[in-house]
K.L.:
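Just dropping this structure here.
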Amino acid sequence: MHEYALADAVIAAVRKTAADERLARVLRVEVRVGALQSIDEHTFARALDTVRPPDDARFAAVEFALSLVPVRCRCRPCGAEYGPEVGAEADAHGAEAIHFVPELAHSYLRCPRCQSPDFDILEGRGVTIGRIEGERDE
Amino acid sequence: MHEYALADAVIAAVRKTAADERLARVLRVEVRVGALQSIDEHTFARALDTVRPPDDARFAAVEFALSLVPVRCRCRPCGAEYGPEVGAEADAHGAEAIHFVPELAHSYLRCPRCQSPDFDILEGRGVTIGRIEGERDE
Amino acid sequence: MIDPRLAVIDTRLAGVRRIVAVTGGKGGIGKSTIACLLALAAADRGLRTGLFDLDLTSPTDHVILGAPTGFPDEEFGIDPAMHAGVGLMSLALFAGSTPAPLRGDALTNAVLELLAITRWGELDLLVLDMPPGLGDTALDAMRFVPRCEYLVVTTPSTVVRETVRRTLRLLKERGAPVLGLLENMQVGESGTAALAAEFGATVLGSVPRDDALEAATGDPDALRKTAAAAALRAIAPL
Amino acid sequence: MIDPRLAVIDTRLAGVRRIVAVTGGKGGIGKSTIACLLALAAADRGLRTGLFDLDLTSPTDHVILGAPTGFPDEEFGIDPAMHAGVGLMSLALFAGSTPAPLRGDALTNAVLELLAITRWGELDLLVLDMPPGLGDTALDAMRFVPRCEYLVVTTPSTVVRETVRRTLRLLKERGAPVLGLLENMQVGESGTAALAAEFGATVLGSVPRDDALEAATGDPDALRKTAAAAALRAIAPL
Ligand SMILES: Nc1ncnc2c1ncn2[C@@H]1O[C@H](COP(=O)(O)OP(=O)(O)O)[C@@H](O)[C@H]1O
Ligand SMILES: Nc1ncnc2c1ncn2[C@@H]1O[C@H](COP(=O)(O)OP(=O)(O)O)[C@@H](O)[C@H]1O
Ligand SMILES: [Mg+2]
Ligand SMILES: [Mg+2]
Ligand SMILES: [Mg+2]
Ligand SMILES: [Mg+2]
Ligand code: NI
Ligand code: NI
Ligand SMILES: [Zn+2]
Ligand SMILES: [Zn+2]
């Protein structure tokens, strides 16, 4: 359950934005979860709920809108664009390593066309935050 | 005049595209010259003319549309976006080094806000090719 | 698009009293050896000590310390692997000796990920073992861990000094705190004092060339008994 | 957007008969020393020889060879700096000892730029001196110079072998031609033969630890007279 650490990071970032933007209430936070990390959406939603500061009124009504972002890679040597299926292409150890540190994709995944480990992960790497919606007291 | 080597590269790339696309005539090539390299447009235009293959009919009527792309950098530590003036900010040696290898900007230029050498060059680095227009014989 | 990891690094390092990066810019000068000996020395003095192997494509601290690889414990994050009294974090825990060919962006992402999920907890000292070169990780350390102090390793070699000088110039320019120069593999007179003077830096002292280190590799108790470890203990800025 | 440099690399290297990368993945094992001695040995045999220092943030070949820095001649491109019979290309020619902190993309761009503008001309041998680590430059060499052969340096050290093994695994997986392993700083029995056997690679031979190299740094004639140079000449795969 290292997902709690990532959820915690999301909360920290949202608090920072709420402070910077002087939001009285945070209502909705878009959270994009990259498929590369094989994070279970329900686990992550629960983690977000667990680490949410319970005594901070600004977060009383917040909704986390989770979406799963498919992985897109591009191979440098051959230019192929592809979406690896971590579960099918890496063994259990590799998939777990990628779960912790997505860059280990370069250790355990290969370009389907030329088998190179030299690819860029264009999308679907890890957890990022999209729109944050809230209200100010004015 | 190492500009000839870059002009030569442009010609090589255009020939390759012409071959790949089976073009009978190349009519217009957009060439973007990043300001970071302090390449003189007239010098570069002349270089392109000099290295253009004289006995290749496909290039008899080609026009090179040169444009100068201003430099945009973004500082990693402080996030500042800025457009350095190489001539004014680097000394003569630094400017010449950058002329040869634009990455030496990290040796001779600094973020104007926080003085960091840790910036990304977003635009205006070197020579790139935009649209290539031509005709096929059909 | 906000990267949530950036917001949590300071929290993760909040319980760490002091962060020392062992650097030099050059490979093979003994950065990892000194980093491991420093971590062992600190732990032996009763300091709560962590060691973060930031040479991501060529991690060796687990080999030097003889720490077994294998996934770290995970619960509300990941825990450094405790070995010989030192809490170790290294990509090798996850990937063993499988190569990890990582370009710059991947290096930055991996460092950020590990900074965001590792629970160092309460530490007196966190040692960062830096990779060679002035690349992504050197820049990321300055960016993400600005309070880090630098222990600069050098050796009595002309090419090493040439390279270490680049690191010192960059650290000085950025105003990064330099604890001092440590001359490793010392074998007599050398240019280290002059190099330190050039940058107004302290020479912490020397660690002799000690061929016993090789046989002690992988065995913390044997490492502790080497002349190199003794020399380091005498000068360690703890 | 087309990068014109990619189209011209093969042309620029068309007159080069053979390209040998001196690598190992680990820093401080003598890659640059071996690369320089190899280039000198080749030139002494009458081979037209180039040396490209690809350790962009920590270039040292100019220091080892004692080549003065300063802008290369430019005319229809740039010419390698001729020194001691070897044509040298290095970022140090342009930046001297000014630090060049370069992230991955910048490393790739700098290598591409130098590949695109350097006029190696007719060469019998081009030696690539590789940086430590499995990073951008290691990957770029495989991508941009696929016909390159690899001379893998190792030493009789456990941590070095652990790191060199990662490089060998990657080269083998990618089907890159490995000329063989060269054991540097040899001081007796070691695990090099076993490491070579693990990958079906040849052991080219050994270069002894030779403390005379230090005093010879910067002086090609003195370098040529060292026992290390003699040992290398005897086993150089030229
Ligand atoms: N003081 C020393 N005496 C003898 N050998 C040493 C000493 N310090 C380091 N070494 C050896 O040098 C090699 C490189 O050391 P390492 O710590 O891996 O360097 P780096 O991390 O700077 O690349 C290793 O084989 C190590 O055992
Ligand atoms: N055979 C050898 N005997 C003694 N010292 C050596 C030998 N080979 C290299 N060295 C020294 O080791 C140090 C690192 O060598 P270098 O060639 O810079 O390694 P790398 O390029 O792998 O980082 C230098 O001081 C060099 O003089
Ligand atoms: Mg190390
Ligand atoms: Mg557990
Ligand atoms: Mg080297
Ligand atoms: Mg000239
Ligand atoms: Ni987990
Ligand atoms: Ni020029
Ligand atoms: Zn591919
Ligand atoms: Zn800045």
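Convention: sequence-line order gives letters A, B, ...; per-chain numbering from 1. Heavy atoms only: backbone and side chains are in, while hydrogens, waters and symmetry mates are out.
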K.L.:
Could you point out which residue of D/L134, D/L171, D/L168 forms a side-chain contact (heavy atoms from CB on, under 4.5 Å) with C/P99?
P.N.:
D/L134

K.L.:
Give, as side chain, backbone, both or neither, the part of C/P131 having an atom under 4.5 angstrom from any heavy atom of chain D.
P.N.:
neither

K.L.:
Is C/S97 in contact with chain D via its backbone, its side chain, both, or neither, using a 4.5 Å heavy-atom distance?
P.N.:
both

K.L.:
Would you call C/D140-D/R103 a salt bridge at under 4.0 Å N-O?
P.N.:
yes

K.L.:
Between C/L213, C/I29, C/T98, which has the largest tally of heavy atom pairs under 4.5 Å with chain D?
P.N.:
C/T98

K.L.:
With respect to chain C, which residue among D/R169, D/E173, D/E162 yields the maximal number of heavy-atom pairs within a distance under 4.5 Å?
P.N.:
D/R169

K.L.:
Could you pull out the closest heavy-atom pair between D/G104 and C/D136, with the gap in Å?
P.N.:
N-OD1, 2.7 Å

K.L.:
How far does NZ of C/K26 sit from OG1 of D/T57, to the nearest 0.5 angstrom?
P.N.:
10.5 Å

K.L.:
Less than 4.5 Å to any heavy atom of chain D: does that hold for the side chain of C/T217, its backbone, both, or neither?
P.N.:
side chain

K.L.:
Return the option, out of D/S157, D/A100, D/G135, with the maximum number of heavy-atom pairs under 4.5 Å with chain C.
P.N.:
D/S157

K.L.:
Any side-chain donor paired with an acceptor under 3.5 Å for C/T158 and D/E214?
P.N.:
yes

K.L.:
Of the non-hydrogen atoms in C/P59 and D/R166, which two are nearest, and what is the gap between them?
P.N.:
CG-NH2, 3.7 Å

K.L.:
At a 4.5 Å cut-off on heavy atoms, which part of C/T167 comes close to chain D: side chain, backbone, both, or neither?
P.N.:
neither

K.L.:
Using non-hydrogen atoms only, which part of C/L170 is less than 4.5 Å away from chain D: side chain, backbone, both, or neither?
P.N.:
both

K.L.:
Under a 4.5 Å heavy-atom cut-off, does chain D meet the side chain of C/A106, its backbone, both or neither?
P.N.:
neither

K.L.:
Under a 4.0 Å threshold between the charged nitrogen and the carboxylate oxygen, would C/D211 count as salt-bridged to D/R209?
P.N.:
yes

K.L.:
What distance separates D/R165 CZ from C/S58 OG, expressed to the nearest 0.5 Å?
P.N.:
13.5 Å

